[in-house]
Amino acid sequence: MKQVITTVGTSIFSKYFDPEKNKNIDSCAKSAYKNTLKEKHFMPSDKWNDNQIENAVKSIRNAIKPYIKNNNQASAEIKSLLKLKEVLKDELEVYLLATDTVLSRLASELIKESLNGDITIHFNPDQDIIKGLQVFDSDKFEREGLINLINRISTICNGFYDNTILNITGGYKAAIPYLTMMGQVYLIPIYYIFEDTQELIKIPQTPLDINWEMFEKYKDLIYKLDSGIEDYNTQKNQRYHDYVLLEERGLVEYYDNIGLLSPIGKIFWERYKSKYFIFFSSEDVWNKIQRQDDIQRILKVKFCHPCLRDNKTEIKQDHYVYDDGNNDNRIYYFEENESIYIYKTFENEEKAKQYINNKIDKQQIMGEASVRSIEKDPYA
């Protein structure tokens, strides 16, 4: 089964309400579309539950559902997904990603209703409407929409991109360069079908990859930029040449003195995180880990994966203890603000048990910790 991520546009409406392509346009739906939705084409999705919008959506939905039931050409997304299934000769599990508009949400729901049964379709409005992905505010599009789009794709893939396909036939054309770059960096096949043809195009892969050494060297700054750096100019002055280098590489954007990863920076950072496990520790703990082969193996193979980590973690007094099972290896850690802090590691069970009664000062641990990274085992 192939996992297909599909951006969703509004071609389903342009086709239905085009008298040259559809001779049976419902008059009530046409009025609702023209007077309520089309004139406000970029109406944000949070207006979905407004009374006037609800009524217009209901009218359009009722009209279009019969139209798309037996029409494989009803939208670019439907046509491309069916073509993908035919060409790949495989089952598809599809995630629809909508822009932050009422029309894109409605299109996604109609596509899901029409294809479920033939293809497994996922669309959760709370997760799959990409906030900020709109075109009437270009700054918001770049600093929110594109970042949220990249984050959502990364969450769906959960670090595993080998069985993923990007279908960029629908959605905003302004997002295509970023999706194309993401596909190239993550080695995700990218497909596109021309609106008025049956030709499915696969965009070829190019040898584009991350500068691993640069990300390793500046991972502490990039980590901060990923969360956002307030009072950016002051922080920049403390390591001026390092921040300028990242800016020159196109990895940084700043607004109102807040520094952030650019969409391009986010794409490369997510790629880095898919290969390396990121955590915090003091210099002493890090140096000890370098001498503990079993702990390194656990970090690379098991601890780096949230589900495996959670399943093997026990709460012992004030500590979260990763117990590797039928061996002596133990890792003491905690999570704070979505970051993992490792403060003790043991390859001796008795010594690990003796430490349980020790009290810890989280603020001190966090203050002494620095960003660390260890390469995941790709074969685990």
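Keep in mind that what you see is a predicted model, and the values were worked out from it rather than measured. Residue indices begin at 1 and follow the sequence shown.
- Of the possible polar contacts, one joining the Thr313 side chain to the Arg309 backbone as a donor-acceptor pair under 3.5 Å is found.
- No more than 12 heavy atoms of other residues, nucleotides or ligands shown are found within 6.0 angstrom of CD on Glu230.
- The number of heavy-atom neighbours closer than 6.0 Å to NZ of Lys359, taken from other residues, nucleotides and ligands shown, is 12 or below.
- Linking Ile, Leu, Val, Met, Phe, Trp and Tyr whenever their side-chain heavy atoms come within less than 4.5 Å puts Ile150 and Ile203 in one cluster.
- Aromatic ring centres of His305 and Phe277 lie farther apart than the 6.0 Å criterion allows.
- Side-chain N or O atoms of Gln3 include none that pairs as donor or acceptor with a backbone N or O of Val94 at under 3.5 Å.
- Heavy-atom neighbours of Gln290 CD from other residues, nucleotides or ligands within 6.0 Å: above the threshold of 12.
- Exactly one residue among Phe303, Tyr343, Tyr341, Tyr322 makes a ring-ring contact (aromatic ring centres under 6.0 Å, His included) with Tyr333. That residue is Phe303.
- Heavy atoms of other residues, nucleotides or ligands lying less than 6.0 angstrom from OH of Tyr254 number 12 at most.
- No more than 12 heavy-atom neighbours from other residues, nucleotides or ligands sit within 6.0 angstrom of CG on Asn51.
- Between Lys236 and Glu247 there is a salt bridge, with a side-chain nitrogen of the basic residue lying less than 4.0 Å from a carboxylate oxygen of the acidic one.
- Side chain of Lys224 to backbone of Asp220: no donor-acceptor contact under 3.5 angstrom is found.
- Within the 3.5 Å criterion, the main-chain N or O of Glu350 finds a donor-acceptor partner in the side chain of Asn348.
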| task | Just do the side chain to side chain contact (heavy atoms under 4.5 Å, CB included) check on Leu225 and Leu260 with the steps written out, would you? | result | CA-CA 5 Å; Leu225 287 163; Leu260 300 162; 5.8 Å; no
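- Less than 6.0 angstrom separates the ring centroid of Tyr272 from the ring centroid of Tyr276.
- Between Lys353 and Asp328, no side-chain nitrogen of the basic residue sits less than 4.0 Å from a carboxylate oxygen of the acidic one, so the salt-bridge criterion is not met.
- Note that Arg372 lies outside the cation-pi zone of Phe280, set by a 6.0 Å cut-off to the ring centre and a 45° limit from the axis.
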| When you look at Thr234 and Asp231, which way does the side-chain hydrogen bond (donor to acceptor under 3.5 Å, both in side chains) test go after all the steps? | CA-CA 6 Å; Thr234 299; Asp231 196 9; 2.9 Å; yes
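- One N or O on the side chain of Asn163 and one on the backbone of Met1 form a donor-acceptor pair closer than 3.5 Å.
- In this structure, Asp100 and Arg105 have side chains that are not in contact, with every pair of non-hydrogen atoms separated by 4.5 Å or more.
- Between the Thr10 side chain and the Phe13 main chain, no donor and acceptor come within less than 3.5 Å of each other.
- The shortest distance between side-chain heavy atoms of Tyr172 and Thr101 falls below 4.5 Å.
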| task | List the steps, then state whether salt bridge (Lys or Arg N to Asp or Glu O under 4.0 Å) holds for Lys85 with Asp90. | result | CA-CA 6 Å; Lys85 184 177 181 181; Asp90 201 348; over 6 Å; no
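- Two residues are said to be in side-chain contact when any heavy atoms from C-beta on lie closer than 4.5 Å; Tyr355 and His319 meet this criterion.
- Taking a cutoff of 4.0 Å between a charged side-chain nitrogen and a carboxylate oxygen, Glu113 and Arg61 qualify as a salt bridge.
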| Verdict with supporting geometry, Arg249 and Tyr218, side chain to side chain contact (heavy atoms under 4.5 Å, CB included) | CA-CA 12 Å; Arg249 298 295 190 276; Tyr218 299 110; over 6 Å; no
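- Contact check for Leu96 versus Asp128: no side-chain heavy atoms found under the 4.5 Å cut-off.
- Residues Ile365 and Phe334 are in side-chain contact: their nearest non-hydrogen atoms beyond the backbone lie under 4.5 Å apart.
- A salt bridge is defined here as a Lys NZ or Arg NE, NH1 or NH2 lying under 4.0 Å from an Asp or Glu carboxylate O, and Lys2 with Glu91 fails to meet this definition.
- Hydrophobic clustering, with ILVMFWY side chains joined whenever heavy atoms are under 4.5 angstrom apart, keeps Ile229 apart from Ile147.
- With a 4.5 Å cut-off on side-chain heavy atoms, Ile193 and Ile201 do not count as touching.
- In this structure, Asn311 contributes its side chain and Cys307 its backbone to a donor-acceptor pair below 3.5 Å.
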| Could you walk me through whether Ile60 and Tyr33 pass the side chain to side chain contact (heavy atoms under 4.5 Å, CB included) check? | CA-CA 7 Å; Ile60 295 169; Tyr33 178 69; 3.9 Å; yes
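- Hydrophobic clustering, with ILVMFWY side chains joined whenever heavy atoms are under 4.5 angstrom apart, keeps Val301 apart from Ile340.
- Using a cutoff of 4.0 Å between basic side-chain nitrogens and carboxylate oxygens, Lys131 and Glu144 are not scored as salt-bridged.
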| task | Test Ser370 against Glu283 for side-chain hydrogen bond (donor to acceptor under 3.5 Å, both in side chains), laying out the working first. | result | CA-CA 8 Å; Ser370 298; Glu283 192 70 20; 5.6 Å; no
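- Side-chain contact check for Ile278 versus Val371: some heavy-atom pair is nearer than 4.5 Å.
- Taking the six-membered ring where tryptophan is involved, the planes of Tyr16 and Tyr67 are perpendicular, since the angle between them exceeds 60° and thus also 30°.
- In this structure the side chain of Gln134 reaches within 4.5 angstrom of the side chain of Lys140, judged on heavy atoms.
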| task | Decide side chain to side chain contact (heavy atoms under 4.5 Å, CB included) for Asp18 and Ile25; before the verdict, give the C-alpha distance in whole Å, the side-chain angles of both, and the deciding distance to 0.1 Å. | result | CA-CA 8 Å; Asp18 184 345; Ile25 299 173; over 6 Å; no
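- Remark: the backbone N or O of Gly170 is paired with a side-chain donor or acceptor of Thr7 at under 3.5 angstrom.
- Taking a cutoff of 4.0 Å between a charged side-chain nitrogen and a carboxylate oxygen, Asp226 and Lys266 qualify as a salt bridge.
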| field | Verdict with reasoning, Tyr320 to Tyr332, per ring-ring contact (aromatic ring centres under 6.0 Å, His included) | value | CA-CA 6 Å; Tyr320 282 77; Tyr332 284 65; over 10 Å; no
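- Formation of a donor-acceptor pair under 3.5 Å by the Gln184 side chain with backbone atoms of Pro204 is found in this model.
- Checked by atom type and distance alone, the side chain of Ser114 never pairs as donor or acceptor with a backbone atom of Ile68 at under 3.5 Å.
- By the neighbour-count criterion of 12 heavy atoms within 6.0 Å, atom NZ of Lys275 is densely surrounded, having more than that number from other residues, nucleotides or ligands.
- Taking 4.0 Å as the cut-off between side-chain N and carboxylate O, Lys112 and Glu109 do not count as a salt-bridged pair.
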| said: With side-chain hydrogen bond (donor to acceptor under 3.5 Å, both in side chains) as the criterion, how do Gln292 and Gln296 come out once you've worked through the C-alpha distance, each side chain's angles and the decisive distance to 0.1 Å? | reply: CA-CA 6 Å; Gln292 296 175 312; Gln296 290 183 52; over 6 Å; no
| request: Please assess Asp284 against Ser282 for the test side-chain hydrogen bond (donor to acceptor under 3.5 Å, both in side chains), listing each intermediate value before the final yes or no. | output: CA-CA 5 Å; Asp284 287 344; Ser282 68; 5.3 Å; no
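- Counting non-hydrogen atoms of other residues, nucleotides and ligands closer than 6.0 Å to NZ of Lys30 gives a total of 12 or fewer.
- Criterion: ILVMFWY side-chain heavy atoms under 4.5 Å apart, direct or through other members. Under it, Leu166 and Tyr95 are part of a common hydrophobic cluster.
- No path of Ile, Leu, Val, Met, Phe, Trp and Tyr side chains, each step under 4.5 Å between heavy atoms, connects Ile222 with Val244, placing them in separate hydrophobic clusters.
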